[in-house]
Number of protein chains: 2
Amino acid sequence: MCELLGMSANVPTDIVFSFTGLMQRGGGTGPHRDGWGIGFYEGRGLRLFQDPAASVESEVARLVQRYPIKSETVIGHIRQANVGKVCLSNTHPFVRELWGRNWCFAHNGQLEGFEPPQGFYWPVGDTDSEAAFCNLLNRVRGAFPGPVMAEILLPVLVQVCFELRQKGVFNCLLSDGDWLFSFCSTKLAHITRRAPFGPARLKDADLTVDFQAETTPNDVVTVIATEPLTDNETWSLYQPGEWILWRRGEIVAQGQT
Amino acid sequence: MCELLGMSANVPTDIVFSFTGLMQRGGGTGPHRDGWGIGFYEGRGLRLFQDPAASVESEVARLVQRYPIKSETVIGHIRQANVGKVCLSNTHPFVRELWGRNWCFAHNGQLEGFEPPQGFYWPVGDTDSEAAFCNLLNRVRGAFPGPVMAEILLPVLVQVCFELRQKGVFNCLLSDGDWLFSFCSTKLAHITRRAPFGPARLKDADLTVDFQAETTPNDVVTVIATEPLTDNETWSLYQPGEWILWRRGEIVAQGQT
């Protein structure tokens with residue numbers, strides 16, 4: 001299994017605090033030693049940092065922790081390999097361009113005997129996760145000849161996630177930089193921080209941040225993670241089969257398959 | 001104008017020395033202040049580091065200089081913007097997946113009034129360079145239904161480069177991780193280092209490396225750059241219209257349009 005991390009915010013926000021907690025689970029407090037990655041949208045561009053090395057030992061992870069990259073939409077992942085060897089091309093998140101946007105995807109779970117038909121997007125590595133991502137994008141391309149609003153896209157995304165979930169465990173995060181789609185197959189949690197902000201204390205590292213000192217009263221910042229990252233705040237748990245579409249930190253649409 | 005940097009080697013080799021020289025031209029000894037990027041292949045995976053900030057001031061560039069990433073194929077670029085604003089999505093190199101491989105591209109030059117037909121790959125940013133890359137890949141996809149050897153691909157690559165060169169200046173580097181294709185429209189140089197290795201001294205920084213201490217007798221390492229990076233070695237200059245296909249540090253094919 002792996003762990004997911006997502007962020008959706010209405011102002012460019014750094015994710016150093018949550019990332020620091022997650023990284024501890026990559027070989028420190030957790031068993032996810034088989035690589036990690038994180039993608040930060042910056043306008044339509046995407047900064048992607050990845051390493052097949054355990055995150056607690058990764059030089060690149062230390063850079064990301066030292067260097068507060070601000071973004072409105074972030075997708076991160078730490079990996080404990082089950083399908084596919086440990087190498088860069090098997091490291092989440094995966095990225096493809098569709099309709100002139102960078103689509104970024106990370107998956108937690110495992111699909112059994114998943115052999116989708118060949119489409120336009122081909123996997124580079126040999127994980128079930130990247131095969132599922134390519135299949136999802138191929139289905140989206142097949143359904144729409146050009147860009148559509150996320151709300152129009154949703155039925156296709158939800159249908160594909162519903163089908164993939166039949167083949168195993170399929171918790172995922174997907175974004176095109178404008179919205180962040182999240183699907184819970186078994187386990188996913190979220191928290192939205194807004195004024196009045198208070199302190200937050202990481203479960204996995206001896207670190208407390210007072211968000212009041214780092215935010216303005218209009219900031220809305222949602223963090224999504226496989227398991228709650230803090231132990232002094234109330235996280236909401238997704239129900240199995242539940243999906244939520246986020247934009248600028250707020251829920252745009254949600255439902256249950 | 002911009003500057004290109006490429007490497008093709010028969011063993012994973014770090015490019016810290018050449019990168020250090022190039023980075024000085026990004027706002028230090030040169031005017032290329034509008035971002036930089038470098039992609040390192042690792043198996044079929046690609047590590048991409050980019051920053052729209054000037055390379056001499058970039059935190060991410062310092063990481064890349066400190067942290068010797070070893071790769072057989074590298075494409076780098078520093079930018080002085082002419083078309084497209086300074087932002088991450090306009091920063092080279094550009095990457096797309098084709099046939100399950102990461103294709104990476106960087107361009108030096110400028111194309112006038114280039115408006116290619118829409119195809120499968122769309123630009124994310126608004127540079128002429130990314131539009132040219134998408135057009136090139138669309139032409140490759142149109143010519144071949146699935147993967148072909150580089151030698152079969154070559155006539156299409158050369159033809160597209162020849163056509164693009166009619167529209168302005170088009171020096172470029174392109175790789176799928178297996179081979180490195182280089183096309184010279186106006187200016188490009190290369191050097192192949194092999195045993196007996198000697199010292200090399202950067203033009204743009206006070207730095208000399210003794211490659212003998214860092215290599216084995218069988219290593220073959222080719223570096224390609226817009227202008228020679230060292231001042232005590234003999235670089236070969238490409239002729240305008242000349243192209244070379246490199247693999248594992250050696251010339252596989254070359255020609256003149």
Side-chain angles (χ1 to χ4, degrees), chain A residues 35 37 39-53 58-64 66-69 71 84-92 94-103 118-127 130-131 133-134 137-138 141 145-147 176-177, chain B residues 35 37 39-53 58-64 66-69 71 84-92 94-103 118-127 130-131 133-134 137-138 141 145-147 176-177:
Chain A
F40 301 85
Y41 284 95
E42 194 174 301
R44 294 166 78 100
L46 181 71
R47 283 182 194 274
L48 186 64
F49 296 94
Q50 288 178 309
D51 207 330
S58 165
E59 187 71 33
V60 186
R62 278 190 282 274
L63 170 87
V64 177
R66 266 200 316 270
Y67 179 49
I69 297 164
S71 174
K85 63 181 189 297
V86 177
C87 63
L88 187 61
S89 57
N90 284 345
T91 304
H92 304 229
F94 301 103
V95 180
R96 292 292 186 281
E97 174 260 315
L98 169 59
W99 300 328
R101 286 190 164 266
N102 288 303
W103 291 52
Q118 195 172 83
F120 187 88
Y121 296 99
W122 295 21
V124 173
D126 49 17
T127 61
E130 192 189 11
F133 176 43
C134 291
L137 291 186
N138 286 329
R141 270 197 105 102
D176 78 340
Chain B
F40 300 85
Y41 284 94
E42 192 174 302
R44 294 167 78 98
L46 181 71
R47 284 181 194 275
L48 186 65
F49 295 94
Q50 288 177 311
D51 207 330
S58 165
E59 187 70 34
V60 185
R62 278 190 282 273
L63 170 88
V64 177
R66 265 201 316 271
Y67 179 49
I69 297 164
S71 173
K85 63 181 189 297
V86 177
C87 63
L88 187 61
S89 56
N90 284 344
T91 305
H92 305 227
F94 302 102
V95 180
R96 292 292 186 281
E97 173 261 314
L98 169 59
W99 300 328
R101 286 190 165 265
N102 288 303
W103 291 51
Q118 196 172 82
F120 188 89
Y121 297 99
W122 295 21
V124 173
D126 49 17
T127 61
E130 192 189 11
F133 175 44
C134 290
L137 291 185
N138 286 329
R141 269 197 107 101
D176 78 339

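Naming convention: chains lettered A, B, ... in sequence-line order (proteins, then strands); numbering from 1 in each chain. On a predicted model such as this, the values are computed, not experimentally measured, just so you know.
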**Message:** Does any backbone or side-chain atom of Asp51(B) lie under 4.5 Å from a heavy atom of chain A? Answer side chain, backbone, both or neither.
**Reply:** both
**Request:** Please list, chain by chain and in numerical order, all residues satisfying side chain to side chain donor-acceptor pair (under 3.5 Å) with Arg141(B), sequence neighbours excluded.
**Result:** Tyr121(B)
**chain A contact via Leu46(B) - side chain, backbone, both or neither, heavy atoms under 4.5 Å** = backbone
**Distance (rounded to the nearest 0.5 Å) between Glu97(A) CD and Phe94(B) CZ** = 12.0 Å
**Asked** In terms of heavy-atom pairs under 4.5 Å with chain B, which of Gly100(A), Pro123(A), Gly125(A) leads?
**Response** Gly100(A)
**Complete:** Residues at least two apart in sequence or cross-chain that pass side-chain contact (heavy atoms from CB on, under 4.5 Å) with Arg101(A), listed by chain then number, are Arg44(A), Trp103(A), Asp176(A), Asp178(A)
**Item:** For chain B, the option from Val60(A), Leu88(A), Thr91(A) that forms the most heavy-atom pairs under 4.5 Å
**Value:** Leu88(A)
**Complete:** Nearest heavy-atom approach of Gly45(B) to Ser89(A) is N-CB, 3.7 Å
**Fill in**
Tightest non-hydrogen contact, residues Gln50(B) and Arg47(A), listed as O-NH1, 3.0 Å
**Request:** Identify the two heavy atoms, one from Pro147(B) and one from Trp122(A), that lie closest to each other, and give their separation to 0.1 Å.
**Result:** CD-CH2, 3.6 Å
**Complete:** In terms of heavy-atom pairs under 4.5 Å with chain B, the winner among Gln118(A), Arg96(A), Glu130(A) is Arg96(A)
**Request:** Tell me, for Leu63(B) versus chain A, whether the close heavy atoms (under 4.5 Å) come from the side chain, the backbone, both or neither.
**Result:** side chain
**Prompt:** What part of Arg66(B) gets closer than 4.5 Å to chain A, counting heavy atoms only: side chain, backbone, both or neither?
**Reply:** side chain
